[in-house]
Chemist: 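Take this structure first; my questions come after.
Nothing fancy with the numbering, it's 1 onward along the sequence.
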Amino acid sequence: MKRRSLLTVASAATVMTLGGVGYAAHRRSKNPYYEGPRSENFDGLRFHSPEQGADKNLSEVIRWQLTREGERWPTHFPSPFPADKPPERVDTLRVVLIGHASYLVQVAGRNILIDPVFAKRASPLRFAGPKRVNPPGIAYADLPPIDAVLITHNHYDHLEGPTVARLWQDHQPTIVAPLGNDAILRGYDDSMVVETRNWGEAVDLGGGLAVHLTPANHWSARGVNDRRMALWCAFVLTSEQGVHYHVGDTGLGDGAIFRAIAERFGPPRLATLPIGAYEPRWFMQPQHMNPEDAVTALRLLGAAQALGHHWGTFRLTDEGIERPAEALDAALDAAGLPRERFLALRPGQVWMPG
């Protein structure tokens, strides 16, 4: 394949990973994933967020791709932390970044994977699209017994079907996802059982641990004409270890979604928040926070500790590979907050409460 053609395919795969080609959704009159009554966040065909702006159109997608002036990424960006070999169980709280937005959370004797992606590419294509620049912070073979898998939304950098199917076969975990994502997941293994919920609903994971689905300012798309046809969410984990608020992707908006978390659950003990994939701002701002936005979210939540993800593993947007961590430190300094209160995690890095 010629270099120009390969670059075109790779660029298209990157846009697909982000769901950015969903401009064609209006052509579809039937939702392939979900059938249900109209509700506060579902119009009978598509879901919408509290601050749903206009969907990006084809001309805006093309404008971004034709005018990209992003910083180059290195081919390899190894983590300074060795691959973690987690214990089988933890009674307290232990959090490890696997990479990008994938976590292992060990809490209250339960092992939970969030948005597990172990593939070499976050892409619908095996030969093109965003390629991993560091290995997973936990090797798949070193995972402990997995009790639950949480999926925030269906973009390819968050929902990797083959890995979830493998986890289902190996561990039979409770799989929790927003409405409509069960149809996508069962396409990878039709025996898979998926607990789907709407915002405001919860799943009991046992042992005094529950997971609550809450809104995020984002969207979904798996292909070229299914934009917002499966729901997306953030998660709140509640247990004797306190409140852990996790966001896969979101825009800051007016901050209402963060204030609502603090009002409903109290200030979280831990917030895991995205800090990357934010340039160019004219395109990304409605759905992706930058580090300054993430610090604002931390303050609105009143969280005791924050951990940053969604950076440094897959190149999705235009900022340089180290810019999110640098910008996070600058934003914390400007806000008068200690840098250790909000850490930009690297794969294999372990956080436990002091």
Side-chain angles (χ1 to χ4, degrees), residues 78-120 122 132 134-152 157-177 185 188-189 191-195 202-212 235-248 268-272 305 307-310 313 343 345-354:
S79 172
F81 299 91
D84 183 47
K85 294 188 176 183
E88 184 168 317
R89 300 283 175 187
V90 173
D91 291 331
T92 55
L93 176 62
R94 187 179 192 268
V95 178
V96 187
L97 183 69
I98 296 171
H100 190 60
S102 303
Y103 281 94
L104 172 67
V105 177
Q106 297 181 282
V107 59
R110 297 291 193 272
N111 296 326
I112 302 166
L113 285 173
I114 304 178
D115 288 351
V117 175
F118 283 83
K120 292 182 179 179
R132 186 184 289 274
N134 39 57
I138 303 173
Y140 184 93
D142 290 330
L143 289 172
I146 300 302
D147 302 296
V149 174
L150 311 183
I151 303 297
T152 61
D157 57 323
H158 294 260
L159 192 165
E160 187 213 336
T163 284
V164 181
R166 184 181 179 187
L167 288 163
W168 173 251
Q169 291 296 328
D170 292 345
H171 299 272
Q172 297 286 296
T174 298
I175 301 173
V176 181
L185 287 165
Y188 295 93
D189 185 334
S191 72
M192 196 182 302
V193 177
V194 184
E195 298 280 351
V203 176
D204 185 350
L205 298 179
L209 177 64
V211 58
H212 307 258
F235 290 112
V236 176
L237 289 163
T238 56
S239 71
E240 291 183 355
Q241 297 301 317
V243 172
H244 173 190
Y245 175 55
H246 174 84
V247 182
R269 180 183 195 181
L270 175 65
T272 41
Q305 176 70 48
L307 305 175
H309 57 267
H310 212 271
T313 294
L343 304 175
L345 288 195
R346 299 287 297 274
Q349 188 171 356
V350 178
W351 179 86
M352 297 181 69

Chemist: Could you measure the distance from the CG atom of Leu150 to the CG atom of Leu237? Nearest 0.5 Å is fine.
Modeler: 6.0 Å

Chemist: Please name the pair of heavy atoms, one in Gly99 and one in Pro347, separated by the smallest distance, quoted to 0.1 Å.
Modeler: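 Answer, listing the atom of Gly99 first, then Pro347: CA-CG, 4.1 Å.
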
Chemist: Please find the pair of heavy atoms, one from Glu88 and one from Pro145, that lie closest to each other, and give the distance.
Modeler: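 That closest heavy-atom pairing would be CG-CD, 3.8 Å.
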
Chemist: Ring centroids only, cut at 6.0 angstrom: are His100 and His310 within range, meaning strictly under it?
Modeler: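 Yes - the distance between ring centres of His100 and His310 falls below the 6.0 Å cut-off.
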
Chemist: Look up atom CG in Leu104 and atom CD1 in Ile138, then write down how far apart they are to the nearest 0.5 Å.
Modeler: 4.5 Å

Chemist: Taking Gln241's backbone N and O only, do any of them form a donor-acceptor pair with Arg269's side chain (distance below 3.5 Å, no angle check)?
Modeler: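 Yes: the side chain of Arg269 pairs with the backbone of Gln241.
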
Chemist: Is any side-chain heavy atom of Val105 closer than 4.5 Å to one of His244?
Modeler: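 Yes. Closest side-chain heavy atoms under 4.5 Å.
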
Chemist: Measure the spacing between CG of Asn111 and CD of Gln106 and express it to the nearest 0.5 Å.
Modeler: 4.5 Å

Chemist: For Arg94 and Val350, indicate whether the former's side chain and the latter's backbone hold a donor-acceptor pair under 3.5 Å.
Modeler: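 No; judged by distance alone, with no hydrogens or angles, the pair does not exist.
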
Chemist: Which atom pair, heavy atoms only, marks the closest approach of Leu97 to Leu345?
Modeler: CD2-O, 3.5 Å

Chemist: Can any side-chain N or O of Glu240 pair as donor or acceptor with the backbone N or O of Gly208 at less than 3.5 Å?
Modeler: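 No; judged by distance alone, with no hydrogens or angles, the pair does not exist.
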
Chemist: Any donor-acceptor pair under 3.5 Å linking the side chain of Arg110 with the backbone of Leu205?
Modeler: yes

Chemist: Could you tell me the separation between the CG atom of Leu167 and the CD atom of Gln172, rounded to the nearest 0.5 Å?
Modeler: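 So the gap between those two atoms works out to 11.0 Å.
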
Chemist: To the nearest 0.5 Å, tell me how far Thr92 OG1 sits from Arg89 CZ.
Modeler: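 The CZ atom of Arg89 is 13.5 Å from OG1 of Thr92, to the nearest 0.5 Å.
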
Chemist: Under 3.5 Å, is there a donor-acceptor pair between the side chain of Ser102 and the main chain of Val117?
Modeler: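 It does hold such a pair.
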
Chemist: Just verifying a value: how many Å separate Leu113 CG and Ile151 CD1, rounded to the nearest 0.5 Å?
Modeler: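 Interatomic distance, Leu113 CG to Ile151 CD1, rounded to 0.5 Å: 9.0 Å.
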
Chemist: Surrounding CG of Asp170 (heavy atoms of other residues, nucleotides or ligands, distance under 6.0 Å), is the total greater than 12?
Modeler: yes

Chemist: Can you give me the closest heavy-atom contact between Tyr188 and Pro162, atom names plus distance?
Modeler: CE2-CD, 3.7 Å

Chemist: What I want to check is whether the side chains of His309 and Thr272 have a donor and an acceptor closer together than 3.5 Å.
Modeler: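 Their side chains do not contain a donor-acceptor pair, so the 3.5 Å distance test is not met.
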
Chemist: Do the non-hydrogen side-chain atoms of Ile98 and Phe118 ever get within less than 4.5 Å of each other?
Modeler: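 Yes. Closest side-chain heavy atoms under 4.5 Å.
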
Chemist: Check His212 against Ala202 and note the closest heavy-atom contact, atom names and distance.
Modeler: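 Residues His212 and Ala202, closest heavy atoms: ND1-CB, 3.5 Å.
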
Chemist: Using the side-chain contact (heavy atoms from CB on, under 4.5 Å) rule, take Leu270 and Trp351 through it: C-alpha gap first, then chi angles, then the decisive distance, then the call.
Modeler: CA-CA 10 Å; Leu270 175 65; Trp351 179 86; 3.9 Å; yes

Chemist: Search all heavy atoms of His158 against all heavy atoms of Ala101 and return the closest pair with its distance.
Modeler: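 That would be CE1-CB, 3.5 Å.
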
Chemist: Indicate whether the side chain of Asp115 and that of Thr152 have a donor and an acceptor atom separated by less than 3.5 Å.
Modeler: yes

Chemist: How would you list, by chain and number, every residue that makes a side chain to side chain contact (heavy atoms under 4.5 Å, CB included) with Gln169, sequence neighbours excluded?
Modeler: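 With neighbours one apart ignored, the set is Asp189, Ser191.
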
Chemist: Is the shortest heavy-atom distance from the side chain of Gln349 to the side chain of Ser79 under 4.5 Å?
Modeler: no

